[in-house]
Amino acid sequence: MGNIFKDLAIKYHTGSLLIKLIFINIAVFLIVRLAGVILTLSGTDINPLLSYLQLPSNLSVLAWRPWTLVSYMFLQYDLLHILFNMLWLYWFGQLFLHFFSEKQLGGLYILGGFSGAGLYLLAYNLIPWFSSTYGVLLGSSAAVLAIVIATAVYAPDFKISLLFFGAVSLKYIALITVVLDAISITSQNAGGHIAHLGGAILGFIFAYRWKQGKDITKFINTLIDKIVVLFKPRPKIKIKYKRPESDMEYRTRKQKETADIDAILDKIKRSGYSALTTEEKKKLFDASKN
């Protein structure tokens with residue numbers, strides 16, 4: 001079991017940012033689901049815990065839980081939900097990295113999540129049809145769709161093979177996805193579809209501005225870098241004060257070092273290099289650098 005976790009840790013640290021995003025989403029899913037099992041067995045409802053991670057539509061509640069603007073985009077609770085989101089993220093993330101950098105992938109994921117959250121909050125607080133509804137939002141779909149649409153807008157005629165359909169251009173996949181979300185904004189999962197459209201809009205803007213020579217993810221990546229540096233532990237600097245040697249001490253030390261090296265060289269002549277101890281090999285190596 002220990003080897004499994006070690007292998008996973010190695011894959012996480014050596015993997016691309018795309019792999020790291022998938023690992024984070026899966027880790028959050030497993031932690032929350034295990035917490036749900038434990039709470040259920042103890043007779044406690046999981047919903048209070050989820051409410052601190054989901055994005056609430058009520059702005060007053062959001063004011064007390066601002067972290068949900070970030071936590072919601074890494075939170076999935078249903079198996080099929082995370083399965084489809086991670087498959088989409090992996091497939092289109094790989095395509096995205098053919099045209100853009102890992103940093104742009106991460107920046108677009110975050111901005112797509114924010115854009116999805118923003119459109120969701122606007123809809124639930126300004127559109128009369130949602131005025132009497134209290135909703136919560138969770139899932140990485142908006143962030144993932146930003147990557148999907150950005151890739152499709154940048155390379156619309158790039159084709160991928162789909163089961164039963166054969167080679168299909170990315171522009172048609174993007175168009176169908178957006179249309180399905182648009183006609184579903186009054187469905188039971190209205191908030192999710194609205195957030196998808198928010199992510200899609202951000203993905204379109206990213207690709208459009210990139211073609212004009214502008215990278216809209218630059219500022220968010222700069223901000224993330226500053227935050228990482230701020231919380232990254234600084235290495236402790238040890239200052240060693242060395243007492244200066246007198247001429248006598250220096251000559252004595254050099255004479256001893258020379259005598260030691262001569263003895264080592266004599267030993268090599270007699271018995272070969274392999275007969276040297278580790279300490280003798282180190283002394284010979286250090287002397288060769290001087």
Side-chain angles (χ1 to χ4, degrees), residues 4-5 7-9 11-12 15-40 46-47 49-51 53-55 68 70-98 102 105-106 108-110 112-113 115-117 120 135-152 160-166 168 170 172-185 187-200 202-203:
I4 294 175
F5 288 113
D7 290 343
L8 290 174
K11 287 182 180 179
Y12 174 83
S16 66
L17 183 58
L18 172 62
I19 298 301
K20 287 180 172 63
L21 286 172
I22 293 173
F23 266 65
I24 292 170
N25 275 276
I26 293 174
V28 172
F29 169 77
L30 292 174
I31 291 170
V32 173
R33 284 303 297 258
L34 287 172
V37 171
I38 294 170
L39 290 173
T40 300
I46 183 65
N47 287 321
L49 172 62
L50 291 177
S51 67
L53 300 173
Q54 297 167 327
L55 179 68
T68 57
V70 176
S71 63
Y72 99 90
M73 68 180 78
F74 295 96
L75 174 67
Q76 279 94 185
Y77 194 71
D78 294 325
L79 180 59
L80 289 179
H81 192 191
I82 189 170
L83 177 62
F84 284 112
N85 278 345
M86 293 305 99
L87 286 175
W88 272 71
L89 178 57
Y90 180 75
W91 291 331
F92 280 90
Q94 295 275 34
L95 290 175
F96 184 91
L97 291 176
H98 279 295
E102 287 189 28
L105 175 75
L108 186 59
Y109 183 99
I110 298 297
S115 182
Y120 164 78
V136 290
L137 184 66
L138 73 159
S140 57
S141 303
V144 173
L145 201 58
I147 294 169
V148 172
I149 299 302
T151 308
I160 61 174
S161 295
L162 297 179
L163 188 65
F164 304 125
F165 295 97
V168 180
L170 293 183
Y172 297 120
I173 296 175
L175 179 62
I176 292 171
T177 302
V178 171
V179 169
L180 288 176
D181 281 318
I183 64 177
S184 302
I185 58 175
S187 67
Q188 191 173 8
N189 186 29
H193 293 293
I194 292 170
H196 295 177
L197 293 174
L202 198 285

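Because the structure is predicted, anything quoted here is derived from the model rather than measured.
- Taking the side chain as every heavy atom from C-beta outward, F29 and N25 never approach each other to under 4.5 Å.
- F96 meets the ring-ring contact (aromatic ring centres under 6.0 Å, His included) test with F100, F206; sequence neighbours excluded.
- Every ring-ring contact (aromatic ring centres under 6.0 Å, His included) that H193 has, sequence neighbours left out, goes to H196.
- Residues I110 and M73 are in side-chain contact: their nearest non-hydrogen atoms beyond the backbone lie under 4.5 Å apart.
- When every heavy atom of A195 is checked against every heavy atom of A142, the shortest pair comes out as O-CB, 3.3 Å.
- In this structure Y172 satisfies the side-chain hydrogen bond (donor to acceptor under 3.5 Å, both in side chains) test with no other residue, sequence neighbours excluded.
- Applying the side-chain hydrogen bond (donor to acceptor under 3.5 Å, both in side chains) rule to Q94 yields the partners Y90; only residues at least two apart in sequence or on another chain are considered.
- Inter-residue side-chain proximity for T177 and W88 is flagged as met; some heavy-atom pair is nearer than 4.5 Å.
- Looking at heavy atoms from C-beta onward, I22 lies in side-chain contact with L89 at the 4.5 angstrom threshold.
- With sequence neighbours left out, the side-chain contact (heavy atoms from CB on, under 4.5 Å) criterion links L49 to A35, L39, I46.
- Between I160 and L95 there is a side-chain heavy-atom pair separated by less than 4.5 Å.
- The shortest non-hydrogen separation linking L75 to Q54 is CD2-CG, 3.8 Å.
- Looking only at side-chain heavy atoms (C-beta outward), L145 and V148 come within less than 4.5 Å of each other.
- Side-chain atoms of V136 and L50, non-hydrogen and from C-beta on, never get closer than 4.5 Å to each other.
- With sequence neighbours left out, the side-chain contact (heavy atoms from CB on, under 4.5 Å) criterion links Y12 to K20, F23, I24.
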